[in-house]
Structure formats: structure tokens, C-alpha cells
Amino acid sequence: FETRDVGIVFLQRLMTAIMKDLIEEITENKIRLRRSGDDLYFESGKLSISIAVPSVNSSLIHFALNVENSGTPVETACLSDFKIKPEVLAEKFL
């Protein structure tokens with residue numbers, strides 16, 4: 001990343017922190033997540049997928065959460081584990 005692109009990484013991490021707080025709020029702090037950089041974890045399962053990249057004239061962020069985790073090749077956590085409907089979470093996040 002060039003200096004001009006550093007802001008997108010900060011935005012990516014801010015989005016991750018906001019999502020962590022929102023999930024904990026929705027679950028009334030029964031679910032405690034761990035944030036490491038731009039990733040969210042529940043216990044040893046990874047909940048989020050995120051990347052920030054520069055483009056020719058801008059920057060892009062991809063941020064997603066696992067809704068289901070059956071058949072994943074690594075240990076993951078997912079919204080269905082927490083009984084959170086993705087539509088409800090997305091609306092609150094936006």
C-alpha cells in the first residue's frame with residue numbers, strides 16, 4: 001500500500017470493530033468476539049473474511065461474515081451459531 005491507500009485499511013478495521021460491537025450488542029454480550037486486525041473470531045473459529053486493496057483510482061474493501069459453516073475446510077464460526085439472521089444484522093450495520 002502507498003501512503004494514500006493507508007486510509008482504506010483504517011476504514012476496513014473500523015468496519016470490523018463496528019461489526020464486532022454490533023454482534024455483541026445483538027447477543028446481549030452472550031457472544032464475545034475477538035478482533036485481530038481485520039478479522040473476527042469466536043473462540044478458535046474465524047467468523048469474517050475481509051480484504052482491502054488499492055485500485056487504479058480508488059480502493060476497495062471486501063468484508064463478509066460466514067452465514068453457515070457446513071463443509072468449510074478450516075474451523076469457522078457463523079451467524080447461525082449465534083442465531084443471528086443475516087438480514088437483521090445487515091440492516092443494523094448499514
Side-chain angles (χ1 to χ4, degrees):
F1 283 101
E2 295 180 26
T3 304
R4 68 176 178 85
D5 300 313
V6 172
I8 199 67
V9 174
F10 293 141
L11 182 57
Q12 175 191 28
R13 291 188 180 193
L14 178 60
M15 287 175 57
T16 304
I18 291 169
M19 185 60 78
K20 175 187 180 294
D21 290 346
L22 183 58
I23 291 171
E24 291 176 349
E25 177 185 311
I26 288 172
T27 62
E28 298 175 341
N29 290 314
K30 292 177 183 138
I31 301 298
R32 300 296 295 176
L33 301 176
R34 177 175 51 89
R35 182 180 68 82
S36 178
D38 56 10
D39 291 320
L40 293 176
Y41 295 86
F42 177 68
E43 297 174 351
S44 59
K46 188 172 177 187
L47 175 63
S48 66
I49 303 96
S50 183
I51 188 167
V53 295
S55 68
V56 173
N57 60 359
S58 185
S59 297
L60 308 166
I61 296 174
H62 168 85
F63 183 84
L65 299 172
N66 297 315
V67 175
E68 296 287 334
N69 62 356
S70 60
T72 57
V74 296
E75 187 173 353
T76 58
C78 65
L79 295 178
S80 64
D81 291 341
F82 313 141
K83 309 226 181 325
I84 295 176
K85 294 183 179 180
E87 301 86 358
V88 172
L89 182 62
E91 186 174 308
K92 288 182 181 283
F93 181 73
L94 294 174

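- Taking all atoms of both residues into account, the shortest heavy-atom contact from Asp39 to Ser50 is OD1-N, 4.4 Å.
- Closest heavy-atom contact between Arg35 and Leu40: CB-CD2, 4.0 Å.
- Ser44 is linked by a side-chain hydrogen bond (donor to acceptor under 3.5 Å, both in side chains) to Glu75, counting only residues two or more places apart in sequence or in another chain.
- Linking Ile, Leu, Val, Met, Phe, Trp and Tyr residues whenever their side-chain heavy atoms come within less than 4.5 Å places Leu47 and Leu14 in a single cluster.
- The OG1 atom of Thr27 sits 8.5 Å away from the CZ atom of Arg32 when rounded to the nearest 0.5 Å.
- Taking 4.5 Å as the limit, every side-chain heavy atom of Lys46 sits out of range of all side-chain heavy atoms of Val74.
- Residues Thr72 and Asn66 form no side-chain contact, since every pair of their non-hydrogen atoms from C-beta on lies 4.5 Å or further apart.
- Nearest heavy atoms, Ser48 versus Leu65: CB-CD2, 3.8 Å.
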Can you give me every donor-acceptor pair (side chain of residues 86-94, partner residue at least two apart or in another chain, under 3.5 Å) with its distance?
none

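- Placement of Ile18 and Phe42 within a single hydrophobic cluster is found when ILVMFWY residues are connected by side-chain heavy-atom separations under 4.5 Å, directly or transitively.
- Met19 and Val9 fall within a single hydrophobic cluster, where Ile, Leu, Val, Met, Phe, Trp and Tyr side chains are chained together by heavy-atom contacts under 4.5 Å.
- Hydrophobic clustering, with ILVMFWY side chains joined whenever heavy atoms are under 4.5 angstrom apart, groups Ile8 together with Met15.
- Here the side chain of Asn69 pairs a donor or acceptor atom with the backbone of Thr76 at under 3.5 angstrom.
- Shortest non-hydrogen contact noted between Thr16 and Gly37 is CG2-O, 4.3 Å.
- Summarising the geometry of Ser55 relative to Ser59, their closest heavy-atom pair is OG-N, 3.8 Å, with the distance given to 0.1 Å.
- For the atom pair CD1 of Ile49 and CG of Asp38, the computed distance is 11.0 Å after rounding to the nearest 0.5 Å.
- In this structure, Leu60 is a member of the same hydrophobic cluster as Ile51, with clusters built from ILVMFWY side-chain heavy atoms closer than 4.5 Å.
- Closest non-hydrogen pair, Ile31 versus Glu24, comes out as O-CG, 3.2 Å.
- Taking Phe63 as the reference, nothing meets the ring pair (Phe, Tyr, Trp, His ring centres under 6.0 Å) condition, with sequence neighbours excluded.
- Rounded to the nearest 0.5 angstrom, Ser80 OG and Glu68 CD are separated by 3.5 Å.
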